[in-house]
Amino acid sequence: MKRGYTFRTPTAEDIEFVAANMREADRRELKRWTGLDSEWGLENSVAQSEVCFSGVFGDGKVACIFGATRINLMESDAVLWALSTTEVDRHRIEFAAATPAGLDLIFRAMPDTAEFGNWVDLDYNGAVRWIERNGGDFSLTTPRRPGRCGGVFGYFYMVNPYFKREDD
């Protein structure tokens with residue numbers, strides 16, 4: 001098996017692969033939060049993102065598609081999202097090792113964004129651990145919220161180490 005990990009702009013084939021091979025926990029989280037189809041959620045997330053990448057294992061299999069989009073142009077925060085495939089379960093160590101580089105791509109691409117965040121299904125233990133392991137925190141001031149179709153969601157955030165105000 002060829003090792004390694006690369007990042008690229010998502011292709012139509014990447015989107016199709018992730019939609020067909022999405023981890024069940026990711027599908028469930030999208031359904032609980034939005035009430036909508038996971039394929040639509042993926043396509044909409046890619047289309048709405050200011051910055052978006054596919055993470056690809058050395059063997060050519062797509063691990064995930066991830067990105068960020070501004071909440072609004074007047075604020076310095078953005079929504080960070082990722083949807084992963086079942087390939088992650090077969091390449092856990094490579095995925096964990098590549099995650100900081102993927103986050104770094106997003107953070108560097110948006111230096112005027114102070115904080116990235118999103119809502120996560122608190123029943124999705126793998127996502128909660130991933131957030132905490134990669135420097136994210138859960139807000140103590142933002143109340144938990146029910147998803148549109150079940151689950152309880154908590155708001156996480158990650159501070160951008162490259163943040164610079166225009167007046168700095």
Side-chain angles (χ1 to χ4, degrees), residues 3-15 17-19 22-23 26 29-30 33-34 38 40-58 60-85 87-88 91-122 124 126-145 153-168:
R3 299 233 181 252
Y5 204 88
T6 58
F7 301 100
R8 65 183 179 217
T9 301
T11 64
E13 292 79 19
D14 292 348
I15 294 167
F17 184 85
V18 173
M22 191 179 296
R23 287 167 118 181
D26 285 40
E29 182 180 51
L30 271 171
W33 183 245
T34 67
S38 58
W40 180 89
L42 170 61
E43 290 171 4
N44 186 58
S45 295
V46 170
Q48 297 296 322
S49 290
E50 181 173 328
V51 179
C52 192
F53 297 98
S54 291
V56 183
F57 292 116
K61 299 287 187 181
V62 178
C64 64
I65 297 179
F66 62 100
T69 187
R70 293 181 195 285
I71 294 172
N72 75 52
L73 296 176
M74 300 304 291
E75 296 181 23
S76 62
D77 51 357
V79 174
L80 178 68
W81 64 273
L83 294 168
S84 59
T85 70
E87 292 299 319
V88 169
H91 301 79
R92 289 183 187 278
I93 294 170
E94 285 172 88
F95 184 72
T99 292
L103 287 169
D104 193 68
L105 284 172
I106 297 284
F107 296 159
R108 285 180 185 272
M110 298 176 73
D112 57 340
T113 300
E115 195 173 275
F116 294 86
N118 205 343
W119 294 91
V120 67
D121 184 348
L122 297 174
Y124 190 175
V128 170
R129 282 192 311 273
W130 180 91
I131 290 162
E132 292 172 340
R133 188 172 43 246
N134 287 287
D137 287 310
F138 283 85
S139 174
L140 299 176
T141 58
T142 304
R144 293 176 174 183
R145 292 176 49 178
F153 287 74
Y155 188 80
F156 78 89
Y157 63 94
M158 293 181 172
V159 175
N160 186 352
Y162 304 107
F163 175 65
K164 293 211 187 287
R165 290 193 188 280
E166 285 193 29
D167 54 322
D168 286 346

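Summarising the geometry of A98 relative to F7, their closest heavy-atom pair is O-CZ, 3.7 Å, with the distance given to 0.1 Å. Residues V88 and A63 come closest through the heavy atom pair CG2-O, 3.5 Å. Summarising the geometry of F138 relative to V128, their closest heavy-atom pair is CE1-CG1, 4.0 Å, with the distance given to 0.1 Å. Of all the heavy atoms in F163 and S76, the pair that sits closest is CE1-CB, 4.1 Å. The nearest pair of heavy atoms linking F17 to V62 is CE2-O, 3.4 Å. Here the shortest heavy-atom pairing between A78 and M110 reads CB-CE, 3.9 Å.
Taking the side chain as every heavy atom from C-beta outward, T34 and W40 never approach each other to under 4.5 Å. Side-chain contact check for R145 versus Y155: every heavy-atom pair is 4.5 Å or farther apart. Counting heavy atoms from C-beta outward, Y162 and D104 have side chains that approach closer than 4.5 Å. Side chains of N134 and P100 form a contact here, defined as non-hydrogen atoms less than 4.5 Å apart. Side-chain contact between E29 and V120: present, with at least one pair of heavy atoms (C-beta onward) separated by less than 4.5 Å. Residues Y124 and R23 form a side-chain contact, since some pair of their non-hydrogen atoms from C-beta on lies under 4.5 Å apart. When side chains are defined from C-beta on, R70 counts as touching D112, because their heavy atoms get closer than 4.5 Å. Side chains of I65 and L83 form no contact here, defined as non-hydrogen atoms less than 4.5 Å apart.
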> Step by step, would you call V56 with R8 a side chain to side chain contact (heavy atoms under 4.5 Å, CB included)?
Replying inline: CA-CA 8 Å; V56 183; R8 65 183 179 217; 3.6 Å; yes
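A donor-acceptor pair under 3.5 Å is formed between the side chain of E94 and the backbone N or O of G4. The backbone N or O of C52 sits nowhere less than 3.5 Å from a side-chain atom of S49 that would complete a donor-acceptor pair.
Within a 6.0 Å sphere centred on CZ of R144, heavy atoms belonging to other residues, nucleotides or ligands number 12 at most.
Taking the six-membered ring for Trp and thresholds of 30 and 60 degrees, W119 and W33 have nearly parallel ring planes, at less than 30 degrees apart. Using the six-membered ring where Trp is involved, H91 and F57 have ring planes that are parallel, under 30° apart on the 30 and 60° scheme.
There is no side-chain donor-acceptor pair under 3.5 Å between W81 and T69. Side-chain contact of N160 with T113: a donor-acceptor pair under 3.5 Å is absent, judged by distance alone.
Residue L42 holds its CG atom at 5.0 Å from CE of M22, rounded to the nearest 0.5 Å. Taking CG from D77 and CG from N118, the interatomic distance works out to 11.5 Å, rounded to the nearest 0.5 Å. Taken to the nearest 0.5 Å, the CZ atom of F53 stands 13.0 Å off from the CG atom of D14. From D137, atom CG reaches atom CD of E115 across 9.5 Å, with rounding to the nearest 0.5 Å. In this structure, OG in S84 is found 3.5 Å from CG in D26, a value given to the nearest 0.5 Å. How far CD1 of I131 is from CZ of R133: 10.5 Å, rounded to the nearest 0.5 Å.
With sequence neighbours excluded, no residue forms a ring-ring contact (aromatic ring centres under 6.0 Å, His included) with F156.
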